[in-house]
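All values below were derived from every heavy atom in this structure, side-chain atoms included, with hydrogens, water molecules and symmetry-related copies excluded. In this chain, residues are counted from 1 in sequence order. Remember, it's a predicted structure, so these values are computed and weren't measured experimentally. Order of listing sets the numbers, starting from 1, for every ligand and every atom in it.
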Amino acid sequence: MIIDTHAHVTGPMEMYEYFRGYTNVSGPASRGLTRFPISDDRLEESLRDHLAEVAGVGTDLQLIVARPWAIPTAERRAALVMNITRQLNDMIAQCVKLHPDRFVGLGSLPQCFTLKPADAAEEMDRCVNDLGFIGFKINPDPGEGGTELPDMGNDYWYPIYEKLVELDTPALIHGGPFRFSREPELGYFCQEETVAGWALLRSPNVFREFPGLKLIIGHGGGYIPYQYGRARAFRLNERQRGDASFREPFETTLRRLYFDTVLFDQEALELMFKVCGVERCLFGSDKPANGSVVDPRTGRSLNDVKPLIDAIPWLTEADRRAIYEGNARDVYSRLEARL
Ligand SMILES: [Zn+2]
(Lines give C-alpha, C1' and ligand atoms only; values in the text may rest on other atoms or scores of the structure.)
Protein backbone atom coordinates (compact mmCIF):
# COMPACT_ATOMS: atom_id res chain seq x y z
CA MET A 1 0.00 0.00 0.00
CA ILE A 2 1.25 3.48 -0.87
CA ILE A 3 0.32 6.09 1.75
CA ASP A 4 1.04 9.69 0.82
CA THR A 5 1.28 11.62 4.09
CA HIS A 6 1.65 15.11 2.59
CA ALA A 7 -1.16 16.37 0.37
CA HIS A 8 -3.46 19.38 0.19
CA VAL A 9 -6.95 19.86 -1.16
CA THR A 10 -8.02 23.24 -2.46
CA GLY A 11 -11.78 22.79 -2.91
CA PRO A 12 -13.92 25.34 -4.76
CA MET A 13 -12.03 28.59 -5.36
CA GLU A 14 -15.19 30.66 -4.85
CA MET A 15 -15.04 29.74 -1.17
CA TYR A 16 -11.80 31.73 -0.84
CA GLU A 17 -13.34 34.68 -2.68
CA TYR A 18 -16.12 34.61 -0.09
CA PHE A 19 -13.64 34.52 2.80
CA ARG A 20 -11.60 37.35 1.30
CA GLY A 21 -14.72 39.48 1.17
CA TYR A 22 -14.67 39.42 4.97
CA THR A 23 -10.97 39.46 5.75
CA ASN A 24 -10.24 42.38 3.39
CA VAL A 25 -12.67 44.82 4.95
CA SER A 26 -12.81 46.53 8.30
CA GLY A 27 -15.75 47.35 10.50
CA PRO A 28 -19.13 45.68 10.78
CA ALA A 29 -18.93 43.92 7.42
CA SER A 30 -16.41 41.53 8.93
CA ARG A 31 -18.93 40.22 11.44
CA GLY A 32 -21.35 38.44 9.13
CA LEU A 33 -19.26 35.48 8.01
CA THR A 34 -21.53 32.49 7.77
CA ARG A 35 -20.98 29.01 6.46
CA PHE A 36 -20.08 28.90 2.79
CA PRO A 37 -22.21 26.11 1.35
CA ILE A 38 -20.39 23.50 -0.74
CA SER A 39 -22.54 20.88 -2.41
CA ASP A 40 -21.10 17.39 -2.82
CA ASP A 41 -21.39 17.82 -6.60
CA ARG A 42 -19.36 21.04 -6.57
CA LEU A 43 -16.72 19.49 -4.33
CA GLU A 44 -16.48 16.42 -6.58
CA GLU A 45 -16.01 18.68 -9.57
CA SER A 46 -13.16 20.51 -7.81
CA LEU A 47 -11.55 17.16 -6.89
CA ARG A 48 -11.72 15.54 -10.32
CA ASP A 49 -8.21 16.50 -11.53
CA HIS A 50 -6.69 15.87 -8.11
CA LEU A 51 -8.08 12.33 -7.94
CA ALA A 52 -6.99 11.52 -11.50
CA GLU A 53 -3.45 12.72 -10.87
CA VAL A 54 -3.08 10.77 -7.64
CA ALA A 55 -4.53 7.57 -9.12
CA GLY A 56 -2.18 7.97 -12.09
CA VAL A 57 0.91 7.43 -9.94
CA GLY A 58 -0.46 4.48 -7.97
CA THR A 59 -0.98 6.17 -4.61
CA ASP A 60 -3.59 4.31 -2.56
CA LEU A 61 -4.28 6.73 0.25
CA GLN A 62 -3.57 10.40 0.90
CA LEU A 63 -3.51 12.28 4.17
CA ILE A 64 -5.08 15.57 3.12
CA VAL A 65 -5.12 18.98 4.75
CA ALA A 66 -6.13 22.48 3.63
CA ARG A 67 -3.71 24.46 1.46
CA PRO A 68 -0.95 26.20 3.44
CA TRP A 69 -2.12 29.62 2.23
CA ALA A 70 -5.75 28.98 3.18
CA ILE A 71 -5.58 30.09 6.83
CA PRO A 72 -5.53 33.92 6.73
CA THR A 73 -2.73 34.35 9.29
CA ALA A 74 -2.29 38.06 8.45
CA GLU A 75 -5.81 38.71 9.77
CA ARG A 76 -5.94 40.14 13.30
CA ARG A 77 -9.57 39.36 14.09
CA ALA A 78 -9.27 36.06 15.89
CA ALA A 79 -12.95 35.11 15.50
CA LEU A 80 -12.69 35.36 11.72
CA VAL A 81 -9.59 33.17 11.58
CA MET A 82 -11.27 30.65 13.88
CA ASN A 83 -14.40 30.59 11.72
CA ILE A 84 -12.49 30.18 8.43
CA THR A 85 -10.31 27.43 9.91
CA ARG A 86 -13.38 25.51 10.99
CA GLN A 87 -14.90 25.81 7.53
CA LEU A 88 -11.68 24.61 5.89
CA ASN A 89 -11.50 21.62 8.21
CA ASP A 90 -15.15 20.88 7.44
CA MET A 91 -14.33 20.98 3.71
CA ILE A 92 -11.55 18.43 4.25
CA ALA A 93 -13.95 16.22 6.24
CA GLN A 94 -16.45 16.45 3.37
CA CYS A 95 -13.74 15.25 0.94
CA VAL A 96 -12.99 12.29 3.20
CA LYS A 97 -16.68 11.44 3.42
CA LEU A 98 -16.94 11.45 -0.38
CA HIS A 99 -13.79 9.34 -0.83
CA PRO A 100 -13.12 7.36 2.34
CA ASP A 101 -11.05 4.82 0.38
CA ARG A 102 -8.73 7.54 -0.95
CA PHE A 103 -8.52 10.26 1.71
CA VAL A 104 -7.88 10.59 5.45
CA GLY A 105 -8.07 14.04 7.05
CA LEU A 106 -5.52 16.19 8.85
CA GLY A 107 -6.63 19.34 10.63
CA SER A 108 -5.43 22.90 10.20
CA LEU A 109 -4.97 25.00 13.33
CA PRO A 110 -6.52 28.43 13.83
CA GLN A 111 -3.33 30.52 13.82
CA CYS A 112 -2.63 34.23 13.55
CA PHE A 113 -0.77 36.79 15.62
CA THR A 114 -3.75 37.40 17.91
CA LEU A 115 -4.45 33.71 18.59
CA LYS A 116 -2.29 31.88 21.10
CA PRO A 117 -1.47 28.16 20.84
CA ALA A 118 -3.93 27.35 23.66
CA ASP A 119 -6.74 28.80 21.53
CA ALA A 120 -6.34 25.89 19.10
CA ALA A 121 -7.33 23.24 21.66
CA GLU A 122 -11.07 23.28 21.03
CA GLU A 123 -10.69 22.97 17.26
CA MET A 124 -8.12 20.19 17.70
CA ASP A 125 -10.60 18.25 19.83
CA ARG A 126 -13.32 18.79 17.24
CA CYS A 127 -11.07 17.67 14.38
CA VAL A 128 -10.28 14.35 16.05
CA ASN A 129 -13.47 13.57 17.91
CA ASP A 130 -16.09 14.91 15.49
CA LEU A 131 -14.38 14.93 12.09
CA GLY A 132 -12.26 11.77 12.51
CA PHE A 133 -8.94 13.41 11.63
CA ILE A 134 -5.73 11.61 12.57
CA GLY A 135 -3.22 14.48 12.79
CA PHE A 136 -2.56 18.15 12.13
CA LYS A 137 -0.55 20.68 10.16
CA ILE A 138 1.23 23.36 12.19
CA ASN A 139 2.38 26.63 10.67
CA PRO A 140 5.65 27.38 12.54
CA ASP A 141 5.47 31.10 11.66
CA PRO A 142 1.92 32.46 11.81
CA GLY A 143 3.48 35.94 11.99
CA GLU A 144 4.37 35.50 8.29
CA GLY A 145 7.94 36.57 8.89
CA GLY A 146 6.87 40.00 10.09
CA THR A 147 6.48 39.48 13.81
CA GLU A 148 8.75 38.00 16.38
CA LEU A 149 7.00 34.85 17.58
CA PRO A 150 8.95 32.35 19.70
CA ASP A 151 10.51 29.42 17.84
CA MET A 152 9.09 25.92 18.24
CA GLY A 153 11.60 24.99 20.93
CA ASN A 154 9.98 27.58 23.19
CA ASP A 155 7.34 26.73 25.80
CA TYR A 156 5.03 29.18 24.01
CA TRP A 157 4.10 26.15 21.85
CA TYR A 158 3.57 23.73 24.73
CA PRO A 159 -0.26 23.95 24.76
CA ILE A 160 -0.28 22.56 21.22
CA TYR A 161 2.25 19.84 22.10
CA GLU A 162 0.18 18.88 25.15
CA LYS A 163 -2.91 18.55 23.00
CA LEU A 164 -1.11 16.55 20.31
CA VAL A 165 0.13 14.06 22.90
CA GLU A 166 -3.26 13.89 24.63
CA LEU A 167 -5.00 13.15 21.32
CA ASP A 168 -2.19 10.85 20.15
CA THR A 169 -1.93 12.79 16.91
CA PRO A 170 1.24 13.71 15.02
CA ALA A 171 1.71 17.06 13.30
CA LEU A 172 3.29 18.08 10.03
CA ILE A 173 5.31 21.28 10.37
CA HIS A 174 4.61 23.21 7.20
CA GLY A 175 5.18 26.83 6.11
CA GLY A 176 2.19 29.08 5.53
CA PRO A 177 1.40 32.47 4.00
CA PHE A 178 4.27 34.92 3.63
CA ARG A 179 4.50 38.64 3.09
CA PHE A 180 8.07 39.46 2.19
CA SER A 181 9.47 39.30 -1.29
CA ARG A 182 12.95 38.46 -0.03
CA GLU A 183 11.53 35.12 1.09
CA PRO A 184 9.12 33.83 -1.58
CA GLU A 185 7.50 30.41 -1.28
CA LEU A 186 10.45 28.34 -2.45
CA GLY A 187 12.73 29.72 0.22
CA TYR A 188 10.19 30.61 2.87
CA PHE A 189 8.64 27.16 3.40
CA CYS A 190 11.95 25.35 3.72
CA GLN A 191 13.44 28.19 5.73
CA GLU A 192 10.71 28.27 8.38
CA GLU A 193 10.51 24.46 8.54
CA THR A 194 14.26 24.41 9.07
CA VAL A 195 14.07 27.13 11.73
CA ALA A 196 11.39 25.08 13.51
CA GLY A 197 13.38 21.87 13.22
CA TRP A 198 16.63 23.37 14.51
CA ALA A 199 14.77 24.94 17.44
CA LEU A 200 13.26 21.57 18.39
CA LEU A 201 16.61 19.81 18.01
CA ARG A 202 18.41 22.52 19.98
CA SER A 203 15.96 22.58 22.85
CA PRO A 204 16.91 20.12 25.57
CA ASN A 205 13.38 20.31 26.95
CA VAL A 206 10.69 19.72 24.33
CA PHE A 207 11.17 15.97 23.92
CA ARG A 208 12.01 15.61 27.61
CA GLU A 209 8.66 17.21 28.50
CA PHE A 210 6.77 15.48 25.68
CA PRO A 211 8.42 12.13 24.95
CA GLY A 212 5.34 11.04 22.98
CA LEU A 213 5.40 14.06 20.68
CA LYS A 214 5.52 13.15 16.98
CA LEU A 215 6.48 16.00 14.64
CA ILE A 216 7.21 15.65 10.95
CA ILE A 217 9.32 18.34 9.28
CA GLY A 218 7.85 18.86 5.82
CA HIS A 219 9.68 19.07 2.49
CA GLY A 220 12.46 16.69 3.45
CA GLY A 221 13.25 18.50 6.68
CA GLY A 222 14.09 21.73 4.89
CA TYR A 223 17.86 22.18 4.98
CA ILE A 224 18.42 20.05 8.07
CA PRO A 225 19.85 16.89 6.45
CA TYR A 226 22.24 18.97 4.33
CA GLN A 227 23.55 20.90 7.35
CA TYR A 228 23.79 17.87 9.64
CA GLY A 229 27.58 18.06 9.94
CA ARG A 230 27.52 21.60 11.29
CA ALA A 231 24.77 20.68 13.74
CA ARG A 232 26.96 17.88 15.10
CA ALA A 233 29.77 20.37 15.61
CA PHE A 234 27.52 22.62 17.67
CA ARG A 235 26.39 19.70 19.83
CA LEU A 236 29.90 18.33 20.34
CA ASN A 237 31.06 21.76 21.48
CA GLU A 238 28.17 21.99 23.92
CA ARG A 239 28.95 18.56 25.34
CA GLN A 240 32.67 19.23 25.60
CA ARG A 241 31.95 22.45 27.46
CA GLY A 242 30.12 20.25 29.96
CA ASP A 243 26.72 21.75 29.33
CA ALA A 244 24.52 19.23 31.13
CA SER A 245 21.48 20.23 29.08
CA PHE A 246 22.91 18.67 25.92
CA ARG A 247 24.14 15.26 27.00
CA GLU A 248 22.78 13.22 24.15
CA PRO A 249 24.57 13.00 20.79
CA PHE A 250 23.01 15.03 18.01
CA GLU A 251 22.36 11.82 16.04
CA THR A 252 20.04 10.70 18.85
CA THR A 253 18.20 14.02 18.99
CA LEU A 254 17.76 14.06 15.22
CA ARG A 255 15.93 10.76 15.41
CA ARG A 256 13.29 12.28 17.64
CA LEU A 257 11.89 14.05 14.59
CA TYR A 258 10.28 12.65 11.44
CA PHE A 259 10.68 13.81 7.85
CA ASP A 260 8.71 13.42 4.63
CA THR A 261 9.87 12.69 1.11
CA VAL A 262 8.63 15.90 -0.52
CA LEU A 263 11.96 16.29 -2.32
CA PHE A 264 11.89 15.93 -6.08
CA ASP A 265 15.41 14.66 -6.56
CA GLN A 266 16.90 11.20 -5.99
CA GLU A 267 20.19 12.39 -4.55
CA ALA A 268 18.44 14.67 -2.06
CA LEU A 269 16.24 11.75 -1.00
CA GLU A 270 19.27 9.50 -0.56
CA LEU A 271 20.95 12.09 1.64
CA MET A 272 17.86 12.41 3.82
CA PHE A 273 17.46 8.63 4.22
CA LYS A 274 21.13 8.24 5.14
CA VAL A 275 21.33 11.16 7.54
CA CYS A 276 17.91 10.97 9.20
CA GLY A 277 17.36 7.20 9.04
CA VAL A 278 14.89 5.33 6.85
CA GLU A 279 12.78 4.60 9.93
CA ARG A 280 12.11 8.34 10.43
CA CYS A 281 11.02 9.08 6.84
CA LEU A 282 7.43 8.99 5.59
CA PHE A 283 6.35 8.97 1.98
CA GLY A 284 4.86 12.29 0.88
CA SER A 285 4.43 13.89 -2.52
CA ASP A 286 2.59 17.21 -2.05
CA LYS A 287 0.56 16.10 -5.06
CA PRO A 288 -1.00 17.94 -6.83
CA ALA A 289 0.88 21.22 -6.53
CA ASN A 290 3.60 23.07 -8.41
CA GLY A 291 5.70 19.87 -8.42
CA SER A 292 3.12 18.41 -10.81
CA VAL A 293 5.04 20.08 -13.63
CA VAL A 294 6.56 17.52 -16.02
CA ASP A 295 10.31 17.02 -15.83
CA PRO A 296 11.67 17.12 -19.39
CA ARG A 297 14.43 14.72 -18.34
CA THR A 298 12.05 11.93 -17.40
CA GLY A 299 8.67 12.83 -18.88
CA ARG A 300 7.16 12.36 -15.41
CA SER A 301 5.86 14.90 -12.94
CA LEU A 302 8.54 16.04 -10.51
CA ASN A 303 6.26 15.20 -7.60
CA ASP A 304 5.96 11.61 -8.83
CA VAL A 305 8.32 10.70 -6.00
CA LYS A 306 7.95 6.92 -5.87
CA PRO A 307 10.06 6.14 -8.98
CA LEU A 308 12.85 8.21 -7.43
CA ILE A 309 12.76 6.10 -4.27
CA ASP A 310 12.40 2.87 -6.26
CA ALA A 311 15.61 3.78 -8.12
CA ILE A 312 17.77 4.03 -4.98
CA PRO A 313 19.84 0.85 -5.23
CA TRP A 314 20.87 0.46 -1.59
CA LEU A 315 17.35 0.57 -0.11
CA THR A 316 16.05 -2.89 0.82
CA GLU A 317 12.51 -4.03 0.13
CA ALA A 318 11.83 -3.68 3.86
CA ASP A 319 13.13 -0.10 3.74
CA ARG A 320 10.80 0.74 0.86
CA ARG A 321 7.82 -0.82 2.61
CA ALA A 322 8.59 1.23 5.72
CA ILE A 323 8.83 4.46 3.73
CA TYR A 324 5.70 3.84 1.66
CA GLU A 325 3.48 2.45 4.38
CA GLY A 326 4.93 1.10 7.61
CA ASN A 327 6.29 4.32 9.07
CA ALA A 328 3.02 6.15 8.37
CA ARG A 329 1.10 3.42 10.19
CA ASP A 330 3.51 3.62 13.14
CA VAL A 331 3.52 7.40 13.40
CA TYR A 332 -0.17 8.04 12.73
CA SER A 333 -1.56 5.76 15.45
CA ARG A 334 -5.13 6.60 14.54
CA LEU A 335 -4.65 5.56 10.91
CA GLU A 336 -5.12 1.84 11.55
CA ALA A 337 -8.75 2.31 12.55
CA ARG A 338 -9.42 4.12 9.26
CA LEU A 339 -8.00 1.41 6.98
ZN1 LIG B 1 2.58 20.97 1.37
Could you give me the CA-CA distance, side-chain angles and deciding distance for K306 and D310, then say whether salt bridge (Lys or Arg N to Asp or Glu O under 4.0 Å) is met?
CA-CA 6 Å; K306 184 170 176 291; D310 286 341; 2.9 Å; yes
Which residues pass the side-chain hydrogen bond (donor to acceptor under 3.5 Å, both in side chains) test with K163, not counting sequence neighbours?
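Testing K163 for side-chain hydrogen bond (donor to acceptor under 3.5 Å, both in side chains), a comparison that skips the adjacent residues, returns D125, E166.
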With ring-ring contact (aromatic ring centres under 6.0 Å, His included) as the criterion, how do F234 and F250 come out once you've worked through the C-alpha distance, each side chain's angles and the decisive distance to 0.1 Å?
CA-CA 9 Å; F234 275 79; F250 183 77; 9.7 Å; no
Strictly below 4.0 Å, N to O, side chains only: are R329 and E325 in salt-bridge contact?
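Yes, charged N to carboxylate O under 4.0 Å.
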Is there a side-chain contact between L51 and H99, using heavy atoms and a 4.5 Å cut-off?
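With C-beta onward as the side chain, the pair touches.
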For the Zn ion (ligand 1), state how many protein N, O or S atoms fall inside a distance shorter than 2.8 Å.
3
Quick one: do D260 and R280 satisfy salt bridge (Lys or Arg N to Asp or Glu O under 4.0 Å)? Show the steps, please.
CA-CA 8 Å; D260 68 34; R280 310 304 287 187; over 6 Å; no
